[in-house]
2 protein chains.
Amino acid sequence: MRTRDRILEASVKLFNAEGVARVSTNRIATEVDISPGNLHYHFKTKEEIVEWLFRHLEGRIDPLLDDDAPMRALDDWWLHVHLSLEAIYDYRFVFYDLEYLLREYPRVATRIRRLTLHSLQSVRRQCGELARSGVMRASDEDLEMLALHIVFTGTCWLTFANVLPDPTRSQPPSGLAAYQVLSLLGPYLADEPAHYLHYLRSKYVR
Amino acid sequence: MRTRDRILEASVKLFNAEGVARVSTNRIATEVDISPGNLHYHFKTKEEIVEWLFRHLEGRIDPLLDDDAPMRALDDWWLHVHLSLEAIYDYRFVFYDLEYLLREYPRVATRIRRLTLHSLQSVRRQCGELARSGVMRASDEDLEMLALHIVFTGTCWLTFANVLPDPTRSQPPSGLAAYQVLSLLGPYLADEPAHYLHYLRSKYVR
DNA sequence: GTCTATATGCGGATAGAC
DNA sequence: GTCTATCCGCATATAGAC
């Protein structure tokens, strides 16, 4: 089962660098140094490759979403966000080419939708906990909207960062995205966590 | 110059519905009921079609960004946002396939980047005005971050909406996006504009 | 499991006649 | 301006030998 893994490894590398659409299965085969025929022995279709890569991503994010260790300080949550966004960054091709995948690969599409809903639920719950422990003050409506914005930012920020000119893009990318997510909480935070946020800002902006 | 316009019209329709990558120039020619050769008489390359469509989009957004009529109430700003997002919706293929266009069509890419920066500048200025007229209270740092989030939301929301299940998607799409943008101001608004925001919310959510 | 060879189809784009 | 015919290249996928 070694070749199979090398195919996946090469695929994610190429997809991230050049986009799913531009990378042909032949390219992948060349990169792995096997024949196209051999590649199709391991993965019948290109979609199958993408699907398995997406499963890997799920394997990294789902546990973070399901972890219901107590969430009492902003810092606890920050860690989860950071790890999630690192995973997203490692599989960024998914988020660069979201629409393409949704249209072209139906089986991947359903998995994407499932993961997004799962994220929404968990983030809502986690923010609720933060509110209950006094880290921030927000109404239920606020929390609902916050969760949506947060998942939205996690999902699309990398794409947007690519539109911006280099100065913003050349930051450590997952870190900046994480700060961007966290800053959404800014207006709702109590004094002490607000200072922590400010400290993080100094680390990631400019 | 009639055929030329029919080509552009058919292109934007097909691009929006199926994505730039899936729509071949032959498809467009068929739709317009001309020959492929004829299409290439009017537009040497596919990129040229995309570029001209993007110019049309610019023609609708740039004036809104440059309009420096006084911006004293939240409602003034709301109108600008709404019109911009309507334009974005009419050319939504650009935003669905952002990464694809950035990679595949360099001339379009520079235009996209230019428009994004232009939006950032203008939104920053407009939010500054709103703050100065007392519609909201926000520090310079807040304003900077707000502008970024607002342009980000305008740019990527439609894509994200496609990931969510239908209930959220089946809303009047540009209206929902506009509310989503506006809601970012929520925490910073004074009492009266906050009520106006709440009224808008009732129009666009659920 | 891995290779070579190949089928099949489509996409963008051009040539040249009308 | 518009057409027909065609080139060229690539991508996905398969067949069958080793």
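Chain A is the first sequence line, chain B the second, and so forth, proteins listed ahead of strands; every chain is numbered from 1. The structure presented is a predicted model; accordingly, all values stated were derived computationally and were not measured.
A salt bridge does not link B:E129 to B:R72: none of the charged nitrogens lies less than 4.0 Å from a carboxylate oxygen. Between A:D90 and A:R60, at least one side-chain nitrogen of the basic residue sits less than 4.0 Å from a carboxylate oxygen of the acidic one, meeting the salt-bridge criterion.
For the pair A:I49 CD1 and D:dA13 P, the interatomic distance rounds to 9 Å; values are reported in whole Å. For A:K44 and D:dA11, the NZ to P distance is 21 Å, given to the nearest whole Å. Rounded to whole Å, atom C1' of C:dT4 lies 15 Å from atom CG of A:L39. Whole-Å rounding puts the B:R6 CZ to D:dT2 C1' distance at 12 Å. Here the C1' atom of nucleotide D:dA11 and the NZ atom of A:K46 are 8 Å apart, to the nearest Å. As a whole-Å value, the separation of A:E47 CD from D:dA11 P is 19 Å. One interatomic measurement links the two molecules: CD1 of A:I34 to C1' of D:dC18, which rounds to 17 Å at whole-angstrom precision. Here the C1' atom of nucleotide D:dT12 and the NE2 atom of A:H42 are 18 Å apart, to the nearest Å.
When the options A:T159, A:V151, A:T153, A:L158 are evaluated for a side-chain contact (heavy atoms from CB on, under 4.5 Å) with A:T155, the one that passes is A:V151.
Between B:H40 and C:dA15 there is no side-chain N or O to OP1 or OP2 distance below 4.0 Å. Close to D:dG1, at under 4.0 Å from its OP1 or OP2, lies no side-chain N or O of B:N38. Neither OP1 nor OP2 of D:dT12 sits under 4.0 Å from any side-chain N or O of A:T45.
Ranked by how close their nearest DNA chain D nucleotide is to the 5' end, A:P36 and B:P36 are led by B:P36.
Using the six-membered ring where Trp is involved, B:F93 and B:F15 have ring planes that are tilted, between 30° and 60° apart.
Shown here are the ring pair (Phe, Tyr, Trp, His ring centres under 6.0 Å) partners of A:W78, two or more places apart in sequence or in another chain: A:H82, A:Y204. Scored by the salt bridge (Lys or Arg N to Asp or Glu O under 4.0 Å) test, A:E31 finds A:K13 as partners (sequence neighbours excluded).
Both tests pass for A:R4 against the ring of A:W52: distance under 6.0 Å to the centre and angle within 45° of the axis.
Applying a 4.0 Å cut-off to non-hydrogen atoms, the residues of residues 10-29 of chain B that approach DNA chain C are B:S24, B:T25, listed by residue number.
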